[in-house]
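See below for the structure under consideration.
Below, each value reflects all heavy atoms present in this structure, side chains not excepted, and no hydrogens, waters or symmetry copies. Just so you know, these numbers come straight off a predicted model, no measurement behind them.
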Amino acid sequence: MNTIGPFQIDGNLGAVAGIAEMLIQSHTKDENGNYVIHLLPAIPKAWSNGKVSGLKARGNLEVDMEWSNGTLTSVLLYSKNGGSCSVKAGDDLMKVTLKAGEKKELTLKTISN
């Protein structure tokens with residue numbers, strides 16, 4: 001990582017933020033004003049298989065996911081506050097509503113990359 005000068009923390013944290021953005025993005029909203037959680041929006045081919053837990057998304061959501069050959073094999077959403085969002089993977093979009101404290105495993109027949 002970055003070891004030069006007084007801005008070392010900026011380089012180190014910036015790299016982690018960049019990696020997280022390759023796995024999940026949640027800065028856009030749908031037509032109803034709910035956040036769109038985009039899964040694996042910029043996954044490199046070298047990471048064709050992987051697993052991540054506890055990624056935070058806007059709307060106070062937490063995401064666990066696993067993928068194989070670049071395709072999602074499991075997705076678990078956890079909502080601390082409850083609410084609605086849209087989940088996007090590839091060209092597919094799924095609307096999800098969760099209660100406060102609810103965990104929901106998504107059916108992946110429509111979620112692929």
Side-chain angles (χ1 to χ4, degrees):
M1 293 290 164
N2 186 355
T3 60
I4 300 173
F7 303 109
Q8 177 179 354
I9 193 80
D10 293 349
N12 292 340
L13 296 180
V16 172
I19 291 167
E21 287 285 322
M22 292 184 339
L23 299 172
I24 184 174
Q25 294 178 6
S26 61
H27 46 80
T28 60
K29 291 187 175 184
D30 64 16
E31 65 280 355
N32 298 319
N34 298 316
Y35 286 107
V36 176
I37 312 302
H38 192 170
L39 305 176
L40 304 180
I43 193 78
K45 288 184 184 195
W47 296 358
S48 62
N49 301 312
K51 177 180 179 179
V52 66
S53 299
L55 282 178
K56 304 297 185 208
R58 286 175 175 84
N60 211 8
L61 293 165
E62 193 171 299
V63 179
D64 298 347
M65 63 182 165
E66 191 167 348
W67 61 95
S68 179
N69 296 319
T71 299
L72 289 162
T73 56
S74 72
V75 176
L76 181 69
L77 289 183
Y78 169 67
S79 175
K80 293 187 177 192
N81 298 344
S84 296
C85 67
S86 293
V87 178
K88 180 177 172 61
D91 294 328
D92 297 326
L93 191 68
M94 172 188 274
K95 295 190 185 289
V96 178
T97 300
L98 299 164
K99 297 176 186 171
E102 182 179 8
K103 289 184 179 182
K104 186 177 225 176
E105 189 165 353
L106 301 185
T107 303
L108 296 173
K109 62 183 176 181
T110 60
I111 300 286
S112 61
N113 231 6

Q. Is there a donor-acceptor pair closer than 3.5 Å between any side-chain N or O of Lys88 and the backbone N or O of Gly90?
A. yes
(Q) Donor-acceptor check, side chain of Gln25 to backbone of Glu21, threshold 3.5 angstrom: yes or no? (A) yes
Q. Going by heavy atoms in the side chains, are Ser74 and Glu66 under 4.5 Å from each other?
A. yes
**Q.** Shortest non-hydrogen separation from Asp64 to Gly54 and the atoms involved
**A.** OD1-N, 2.7 Å
Q) Quick check: does any side chain N or O of Asn49 sit under 3.5 Å from a backbone N or O of Asn69, one acting as donor and the other as acceptor? A) yes
Q: Indicate if Val52 and Leu76 have the same hydrophobic cluster label, given that clusters are the connected sets of ILVMFWY residues with side-chain heavy-atom separations under 4.5 angstrom.
A: no
Q) Is a side-chain N or O of Thr73 found less than 3.5 angstrom from the main chain of Ser68, in a donor-acceptor match? A) no
Q: To the nearest 0.5 angstrom, please state how far the NZ atom of Lys80 sits from the CG atom of Leu98.
A: 13.5 Å
**Q.** Distance in Å, His27 NE2 paired with Tyr35 OH, rounded so as to fall on 0.5 Å steps
**A.** 11.5 Å
Q. Quick check: are there more than 12 heavy atoms from other residues, nucleotides or ligands sitting under 6.0 Å from NZ of Lys56?
A. yes
Q | Passing candidate, side chain to side chain contact (heavy atoms under 4.5 Å, CB included) with Ile37, options Ile24, Leu55, Val96 | A | Ile24
(Q) A side-chain contact here means heavy atoms from C-beta on lying under 4.5 Å apart; do Ser26 and Val63 qualify? (A) no
Q) Under a 4.5 Å cut-off applied to non-hydrogen side-chain atoms, are Leu23 and Trp47 in contact? A) yes
Q) Once you round to the nearest 0.5 Å, how far does CG of Leu40 lie from NE2 of His38? A) 8.0 Å
Q) So, do Asp30 and Lys95 sit near enough that their side-chain heavy atoms are less than 4.5 Å apart? A) yes
Q) Shortest non-hydrogen contact from Val36 to Lys29? A) CG2-C, 3.9 Å
Q. Can you check side-chain contact (heavy atoms from CB on, under 4.5 Å) on Leu106 and Leu72, steps first, answer last?
A. CA-CA 10 Å; Leu106 301 185; Leu72 289 162; over 6 Å; no
**Q.** Donor-acceptor pair, side chain of Asn32 and main chain of Asn34, under 3.5 angstrom
**A.** no
**Q.** hydrophobic_cluster_shared for Ile43 and Met22, side chain cutoff 4.5 Å
**A.** yes
